[in-house]
2 protein chains.
Amino acid sequence: MHGVELTDRESTILQSVIEGYVKEAKPVSSSAVVRMSSVSLSSATVRNVMRALEEKGLILQPHTSAGRIPTDLGYRYYVDNLVKPAGLTPGERKAIGNELAKLVHCDLATVLAGISHMVSEASREMAVAVAPSGGGQVIEQVALVAIGAGRIMAVVATDVGPTRTAVLTTDGTFHRTEVSKAADLLNEWLRGVTLSEASATILKRFAEQDPAPDGWLGGLLDGVRVFLSPGGSERIHYEGARYIFRHPEFSTDASSLGEILDSEETLADVVRGPVRAAEVRVVIGAENVCSGMNRMSLVAGTYRIGGVVGRMGVIGPTRMKYPRLIGLVGYFSKVLDDLLAE
Amino acid sequence: MHGVELTDRESTILQSVIEGYVKEAKPVSSSAVVRMSSVSLSSATVRNVMRALEEKGLILQPHTSAGRIPTDLGYRYYVDNLVKPAGLTPGERKAIGNELAKLVHCDLATVLAGISHMVSEASREMAVAVAPSGGGQVIEQVALVAIGAGRIMAVVATDVGPTRTAVLTTDGTFHRTEVSKAADLLNEWLRGVTLSEASATILKRFAEQDPAPDGWLGGLLDGVRVFLSPGGSERIHYEGARYIFRHPEFSTDASSLGEILDSEETLADVVRGPVRAAEVRVVIGAENVCSGMNRMSLVAGTYRIGGVVGRMGVIGPTRMKYPRLIGLVGYFSKVLDDLLAE
DNA sequence: CTTAGCACTCTTATAAGGAGAGTGCTAAGG
DNA sequence: CCTTAGCACTCTCCTTATAAGAGTGCTAAG
C-alpha cells in the first residue's frame with residue numbers, strides 16, 4: 001500500500017482535485033485547481049504537477065483534453081494522509097446522543113434499524129448496521145417459556161450479540177414442571193457450546209440418551225435443534241438506498257446496486273471486514289472484495305450497545321465526502337462506547 | 001371500476017397486446033397481434049379494434065405511428081377478466097412445500113426472510129414479506145430471564161405475530177426470586193393489554209404503587225416500558241431488488257426505487273393494504289397510494305406460519321407476468337394455510 | 001523551475017438526411 | 001355493414017456533418 005511519496009505541492013493539488021471532483025462530479029481542470037486552491041501558481045505549472053500525479057497513478061483523464069479525476073489509489077492516499085475527520089456540530093452531537101440513549105433497552109432488530117437510520121440521516125448516504133456473525137457465539141443460557149395453547153417460546157442467550165427466539169408449537173399438553181425440566185436438560189447440554197455447534201450437539205446428546213426421549217419432549221428437542229441450526233436469517237439492516245440514486249454516477253446505471261442490496265450475506269461480509277474496535281476503516285472502490293462494489297466506497301466502524309457488538313458502515317460512491325463520513329462514523333463509535341461504559 | 005364492456009374480439013386482442021407487450025417490452029403493432037393471436041383477421045381490422053380499445057382507455061400509443069401498449073386500466077381489465085392464474089409444476093410444488101415446512105419452527109426474522117426469499121426465487125421478481133402491524137396485538141405473557149452479570153432478558157409474547165425480546169442491563173445484583181416476582185408483577189399489569197397501550201399502562205400502574213418501586217425494580221420496570229414503547233422496528237423483509245433492475249423500464253431510471261426500498265413503512269403499508277385472507281390482490285400502477293410506485297404493480301396475499309399471520313407480495317413493473325405471479329402468490333397462501341391446519 | 005502562448009484533440013450540441021415501422025384513411029369486395 | 005388491400009403520412013431512430021468549447025501538451029522565453 002505504501003511506496004507513494006508526494007511533495008507538499010503534489011499533495012495540495014491532489015487534495016484540490018479530489019475535493020473539486022467530490023463537489024462537482026466533473027473532471028477537474030488545471031485552471032479550476034488554481035481557482036479553488038490557494039496556491040499562487042499558473043495553470044501550466046499545475047498541469048505539470050498533475051502529469052506527475054497521473055504517472056504515479058493517483059489521478060487520470062477520462063479522455064484526452066479533459067480534466068482529471070481521482071483513481072482509487074488517489075482516494076487511498078487522500079484518506080491515509082490528507083483527510084482530517086470533520087467534527088460534528090454541537091447540535092448534531094446532542095441529537096445523536098439523545099437518540100442513541102433511547103436504543104439501549106431495545107431488541108436487536110430495533111438497534112440495527114435505529115443505528116442505520118441515524119447514520120443514514122446524518123450522512124445522507126446509505127448506511128448499514130450488522131450484528132456480530134452468529135456462529136462463534138457461546139451459548140450462556142437457554143430458556144423455555146410456556147405461552148399457552150401448546151406453544152412454547154425458546155430463548156437462547158449468548159455471551160455477546162443478539163439473543164435468538166422462536167415459538168415452538170408442540171402436540172399435546174404439558175405441565176409446567178416438564179417444561180422447566182426440558183430447559184434444565186438443554187442448559188446442561190448447550191451451555192458453553194457455540195451456536196454453530198449447537199445443532200450437532202443436540203443430535204449427539206439425544207442419541208446418547210437412554211431411553212431416547214420421545215413424544216412431547218422429543219418433538220420439543222427437535223424443534224430447538226432446527227431453530228438453532230445454522231443459516232438463520234442474517235442480522236443486518238440498512239437504510240438510505242435512496243441516497244445512492246441521487247448521485248449522478250448511479251442515476252443512469254444502478255444495476256450493480258441491486259446485487260448489493262439483495263445479497264445480505266455479501267453486504268454483511270463487506271461491512272464486517274477486518275475492522276478493529278475504535279478504528280474507522282475505509283474501503284475504496286476496487287479494494288472491495290465484492291465486484292459489484294468496485295465503484296463504491298465503504299466507511300465502517302464498530303458499535304457496542306445493549307450487549308451487542310457489531311459493525312456499522314456508510315456506503316456511497318467512491319466520490320464521497322470522506323472527512324465528514326469518517327468523522328461521523330468515528331463519533332458514533334465513540335459515543336456508543338461511552339454509553340456502554342456508564 | 002366497472003363500466004368497461006368488451007366484445008369477445010376486443011378481449012382477445014387486448015389480451016394479445018398485453019401479453020405481447022409483457023413478453024417483448026415493445027409497443028405491439030397490429031401485424032404482431034395477427035401473428036401471435038390465432039384470430040384470422042387482417043391487420044387492418046385489428047387496427048380498427050385497437051382504435052376502439054384506445055378510445056376506451058385500455059391501450060395507448062406512445063407516439064403516432066407506433067404500436068400500442070396497455071394502460072393501467074387495460075391491465076386492470078385483463079387481471080379482472082382475462083387472467084387465469086397459472087398452475088405450478090409438480091417440481092416447484094414439491095420444492096416449495098419442503099422449504100416452507102422448514103420455516104415452521106423458526107423465529108420471525110427467519111420466517112420473513114425465508115418467505116421473501118422463496119417467493120422472489122420463484123417469481124424472479126422482488127418479493128416482500130411483512131409481519132402483522134404490532135400495535136393491536138394483545139400481550140399474553142411477559143417473561144424475564146436472568147442471563148447473568150446484571151443482564152436480564154425480557155420476552156413479550158402476544159396472541160399472534162412476533163414476540164419481542166430485549167436484553168436489559170441493570171445496576172447491582174438481584175436474586176432469582178426477585179426476578180420472578182418482577183415478572184409476576186408485569187404479567188399482572190400487562191396481560192390482555194395491547195402492545196400500543198403497554199407503555200402507558202406501566203407508567204400508570206407504576207404511579208399507583210405505594211410505596212413506589214425504586215432502585216433495582218424501578219430501573220427494570222422502566223427498561224421494560226421503554227422497550228415496549230411504540231415505534232419499534234418495522235417487521236418487514238424483502239429480497240430480489242436485483243430483479244427490478246433487470247427490467248428495461250427501470251434499468252435507466254430507477255430513482256423511484258430508492259424511495260420504495262427505503263421507506264419500510266410505506267412498503268409495509270403498500271403490501272398490507274386491504275387483502276383478505278385467501279384472496280390475492282393486485283394493485284396496478286397508479287392505483288398504488290404510494291406515488292413512487294405508479295409504474296409498478298403489486299401482487300399480494302396472506303401467509304400464516306408458526307403463529308404469525310402476515311402479508312407477502314411481489315413487486316415489479318406493471319408489465320409483469322400476472323398469470324404466473326397470481327398463481328404463485330395464491331399457491332403460497334394455500335400451502336401455508338394447509339401447513340397450519342395440520 | 002515557472003509561465004505565456006498556441007496548436008491539437010476530444011467531447012458535446014445541433015442540424016440534416018435517409019431508412020424503417022406502423023398507423024389512418026379511402027375505396028373496393030364479400 | 002363488416003372486412004380488407006393499398007397507399008400516403010408521420011414519427012422514431014440511426015448516421016453523418018459541422019461548429020463550438022474546453023482543456024491539455026508542448027515549446028520557448030523569462
Side-chain angles (χ1 to χ4, degrees), chain A residues 6-14 16-21 23-71 74 248-249 251-253, chain B residues 6-14 16-21 23-71 74 248-249 251-253:
Chain A
L6 299 188
T7 65
D8 281 0
R9 175 185 287 178
E10 284 171 333
S11 285
T12 307
I13 288 177
L14 175 62
S16 291
V17 170
I18 290 179
E19 291 176 357
Y21 184 64
K23 205 166 187 179
E24 304 287 345
K26 279 181 288 193
V28 179
S29 70
S30 53
S31 54
V33 169
V34 172
R35 213 177 310 127
M36 81 177 64
S37 126
S38 50
V39 295
S40 46
L41 291 171
S42 74
S43 66
T45 308
V46 172
R47 276 202 290 282
N48 288 333
V49 177
M50 284 168 118
R51 187 176 181 68
L53 288 172
E54 185 160 17
E55 274 164 12
K56 292 179 181 172
L58 300 172
I59 59 180
L60 59 80
Q61 291 178 285
H63 55 82
T64 333
S65 84
R68 301 310 210 289
I69 63 178
T71 62
E249 45 265 73
S251 62
T252 50
D253 174 30
Chain B
L6 298 188
T7 64
D8 281 0
R9 175 184 287 175
E10 285 172 332
S11 284
T12 308
I13 288 178
L14 175 62
S16 292
V17 170
I18 290 179
E19 291 176 356
Y21 184 63
K23 206 165 185 180
E24 304 287 345
K26 278 181 288 194
V28 179
S29 70
S30 52
S31 53
V33 169
V34 172
R35 213 177 310 127
M36 82 177 65
S37 128
S38 51
V39 296
S40 48
L41 290 172
S42 74
S43 67
T45 309
V46 172
R47 277 202 289 281
N48 288 332
V49 177
M50 284 169 118
R51 187 177 182 68
L53 288 172
E54 184 160 19
E55 273 164 14
K56 291 179 181 172
L58 300 171
I59 57 179
L60 61 79
Q61 292 179 284
H63 54 83
T64 332
S65 85
R68 302 309 208 290
I69 63 178
T71 62
E249 46 265 73
S251 62
T252 50
D253 173 31

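Per chain, numbering begins at 1; letters A, B, ... match sequence-line order.
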Heavy-atom closest pair, residues [X] and [Y]:
| X | Y | value |
| --- | --- | --- |
| Ala66(B) | Gln61(B) | O-NE2, 3.1 Å |
| Ser30(A) | Arg47(A) | OG-NH1, 3.2 Å |
| Ser16(A) | Val33(A) | CB-CG1, 3.9 Å |
| Ser37(B) | Thr12(B) | OG-CG2, 4.5 Å |
| Arg9(B) | Val49(B) | CD-CG2, 3.7 Å |
| Tyr21(B) | Val28(B) | N-CG2, 3.5 Å |

- Step by step, work out the side-chain contact (heavy atoms from CB on, under 4.5 Å) result for Arg51(A) and Glu55(A). CA-CA 6 Å; Arg51(A) 187 176 181 68; Glu55(A) 274 164 12; 4.2 Å; yes

- Item | Nearest-nucleotide comparison on DNA chain D, the residue closer to the 5′ end among Arg51(A) and Pro27(A) | Pro27(A)

- Message: Regarding Thr64(A), tell me which of base, sugar-phosphate or nothing describes its non-hydrogen contacts under 4.0 Å with the strands shown.
- Response: sugar-phosphate

- Query: Hey, does Ser30(A) reach any base, or is it just sugar-phosphate, or nothing, if we go heavy atoms under 4.0 Å?
  - Reply: sugar-phosphate

- Please report, rounded to the nearest Å, how far the P atom of dA27(C) is from the CG atom of Asn48(B).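 These atoms are roughly 16 Å apart.
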
- Item | Distance, rounded to the nearest Å, where Arg47(A) contributes CZ and dC1(C) contributes P | 18 Å

- chain B contact limits on DNA chain D, taken 5' to 3' with a cut-off of 4.0 angstrom to heavy atoms: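 Here the contact window of chain B covers dT3(D) to dT12(D).
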
- Message: Rounded at 0.5 Å granularity, tell me how far CG in Leu60(A) sits from OG1 in Thr71(A).
- Response: 6.0 Å

- Watson-Crick and G-U pairing of DNA chain D written in dot-bracket, each distance under 3.5 angstrom, with | for inter-strand partners: ||||||||||||||||||||||||||||||

- Using a cut-off of strictly less than 4.0 Å, decide whether Ser42(A) has a side-chain nitrogen or oxygen near OP1 or OP2 of dT2(C).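 No, outside the criterion.
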
- Taking it one step at a time, do Glu10(B) and Lys56(B) satisfy side-chain contact (heavy atoms from CB on, under 4.5 Å)? CA-CA 11 Å; Glu10(B) 285 172 332; Lys56(B) 291 179 181 172; 3.2 Å; yes

- Message: Among Leu14(A), Ile18(A), Val17(A), exactly one meets side chain to side chain contact (heavy atoms under 4.5 Å, CB included) together with Leu58(A). Which residue is that?
- Response: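 Only one option passes, and that is Leu14(A).
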
Find every protein N or O atom lying less than 3.5 Å from an N or O atom of nucleotides 15-21 of chain C, and list the pairs.
none

